[in-house]
Amino acid sequence: MKDSFKTLFWQDNKLVMLDQRILPYEEKYLTLSTAREVADAIKTMVVRGAPAIGVAAAFGVVLAAMEANGNTAKLMASCDILAAARPTAVNLFWAINHMKDVIEAHGADASMLRAEAQRILDEDIAACRKMGSYGAEYIPDNSTVLTHCNAGALATAGWGTALGVFRSAVAAGKNIRVLADETRPRLQGGKLTAWELQKDGIDVTVISDNAAASLMRMGQVDAVVVGSDRIAANGDVCNKIGTYSVALAAKAANVPFYVAAPVSTIDMNCPTGDDIPIEEREAEEVTHINGVQILPSGVPVRNPAFDVTPAALVTAIFTEIGVFKDNIAKALKEALVRDL
Ligand code: MRU
């Protein structure tokens with residue numbers, strides 16, 4: 001990956017992040033100096049994607065510790081504000097709980113917490129590279145791969161999960177073409193996936209969400225790789241709305257459906273996908289595109305932001321500790337239950 005942008009980084013005691021709301025039109029970095037600003041940035045999707053919001057929240061806890069100045073009750077209240085920013089991606093809660101554990105064990109020293117948040121960021125990139133190299137083995141040379149939403153460098157601290165698999169395949173010398181679902185309502189595929197793959201010189205073609213099933217049926221897709229916001233203990237995968245339709249179409253067309261996600265996305269405390277809270281976002285994401293109203297005024301809309309793909313439709317899950325396949329629920333339990 002060319003180091004042409006950074007999703008988020010710590011500089012001069014502040015958290016800097018690329019404003020993803022205005023990509024691909026403008027590349028602008030925002031500098032945040034309070035935990036509340038970080039919570040708002042997560043809520044309004046300045047930063048988005050499960051691992052990236054976990055990393056942002058960890059640095060949010062650092063800013064909260066700087067603001068609290070030894071007042072633990074104030075610090076914990078800021079952690080709660082960060083945790084309320086978005087409900088579905090478990091990485092947010094994983095990161096905040098991890099930072100709380102560190103505070104409990106070692107105190108609320110801001111420079112120690114900053115080092116811990118930086119470690120989470122560095123480990124996220126390392127995890128993406130590792131799962132990328134495992135996943136790349138499953139991507140045939142000279143193939144067409146399809147992805148949904150943006151599970152790329154922009155959704156992580158760098159490299160990406162699903163797009164990390166594609167980057168690793170390209171780095172291994174494979175020739176691939178990526179089909180990026182546009183991903184209504186917010187168009188993360190059309191805007192963000194296209195932007196970051198273009199920047200890296202990876203062959204990307206955007207399709208409307210409606211085209212995916214038909215292209216698979218016509219034999220024009222060799223594999224699907226998506227990211228995830230939360231994987232339940234039984235292997236059900238929660239991801240951006242529309243992922244389930246892609247998985248159903250992939251099953252019908254006999255196309256392998258892969259999920260790439262770090263272990264911090266697997267929630268062994270969540271028995272099934274039905275237990276995952278699904279965020280409902282504001283109607284304006286559906287009624288408007290780029291601030292322009294496209295639907296009749298006053299028409300009711302629904303806007304669930306995520307859906308659940310049952311484990312039975314998942315061919316394999318790529319993580320930094322290996323590949324889970326066949327009986328995914330059993331494999332997850334064997335690998336992860338001792339870590340609970
Ligand atoms: O609403 P978003 O843009 O935060 O949703 C992002 C996704 O659904 C991604 O696919 C998921 O977080 C995996 S990111 C590596």
Side-chain angles (χ1 to χ4, degrees), residues 7-8 17-21 23 41-57 85-95 121 124-125 127-132 135 146-168 180-197 209 224-231 237-247 257-267 273 276-282 285-286 303-309 314 317-320:
T7 305
L8 72 175
M17 51 177 72
L18 186 55
D19 188 346
Q20 300 193 30
R21 297 169 306 179
L23 286 175
I42 294 170
K43 200 175 291 204
T44 59
M45 296 177 68
V46 171
V47 62
R48 32 66 52 202
I53 65 177
V55 174
R86 291 190 75 185
T88 303
V90 74
N91 311 60
L92 177 68
F93 313 105
W94 174 88
L121 182 151
D124 183 55
I125 298 173
C128 286
R129 285 188 172 265
K130 197 90 204 178
M131 82 184 73
L146 183 142
T147 192
H148 191 73
C149 192
N150 172 267
L154 287 167
T156 60
W159 199 249
T161 56
L163 301 193
V165 171
F166 303 155
R167 285 195 169 92
S168 296
D181 282 355
E182 209 176 14
T183 319
R184 272 285 282 153
R186 287 188 68 99
L187 301 168
Q188 290 96 324
K191 291 181 174 184
L192 306 179
T193 295
W195 180 80
E196 69 164 89
L197 291 184
D209 299 322
V224 174
V225 188
V226 297
S228 172
D229 290 82
R230 196 184 299 219
I231 297 171
V237 170
C238 181
N239 192 47
K240 180 52 52 190
I241 193 75
T243 303
Y244 176 43
S245 324
V246 174
F257 180 89
Y258 300 118
V259 177
V263 168
S264 55
T265 299
I266 302 170
D267 185 356
I276 299 173
I278 303 293
E279 178 180 20
E280 290 255 355
R281 292 188 64 87
E282 55 272 23
E285 290 184 348
V286 179
N303 187 16
F306 298 95
D307 61 25
V308 171
T309 295
V314 178
I317 299 177
F318 309 139
T319 75
E320 71 274 32

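Start at 1 and go down the list; that is how both ligands and their atoms are numbered. Keep in mind the model is a prediction, meaning the values are calculated, not measured.
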Taking atom OH of Y244 as the centre, does the number of heavy atoms from other residues, nucleotides or ligands within less than 6.0 Å exceed 12? no
Does a side chain donor of either W94 or T265 reach within less than 3.5 Å of an acceptor in the other side chain? no
In Å, rounded to the nearest 0.5 Å, how long is the span from CE of M45 to CG of L192?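 With rounding to 0.5 Å, CE (M45) is 8.5 Å from CG (L192).
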Against E320, only a single residue in V263, D124, T161 fulfils side chain to side chain contact (heavy atoms under 4.5 Å, CB included); can you say which? V263
Is there a donor-acceptor contact under 3.5 Å from the side chain of T88 to the main chain of E279?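 Yes; judged by distance alone, with no hydrogens or angles, the pair exists.
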Assess, by modelled atom type and distance only, whether the side chains of Q20 and N150 contain a donor and an acceptor separated by less than 3.5 Å.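 N150 and Q20 do not have a side-chain donor-acceptor pair below 3.5 Å.
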List, ordered by chain and residue number, the protein residues whose closest non-hydrogen atom lies under 4.0 Å from any atom of ligand 1.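 If the criterion is a heavy atom under 4.0 Å, then ligand 1 touches M45, R48, G49, A50, P51, R86, C149, N150, A151, A155, T156, T161, Q188, G227, S228, D229, N239, K240, F306.
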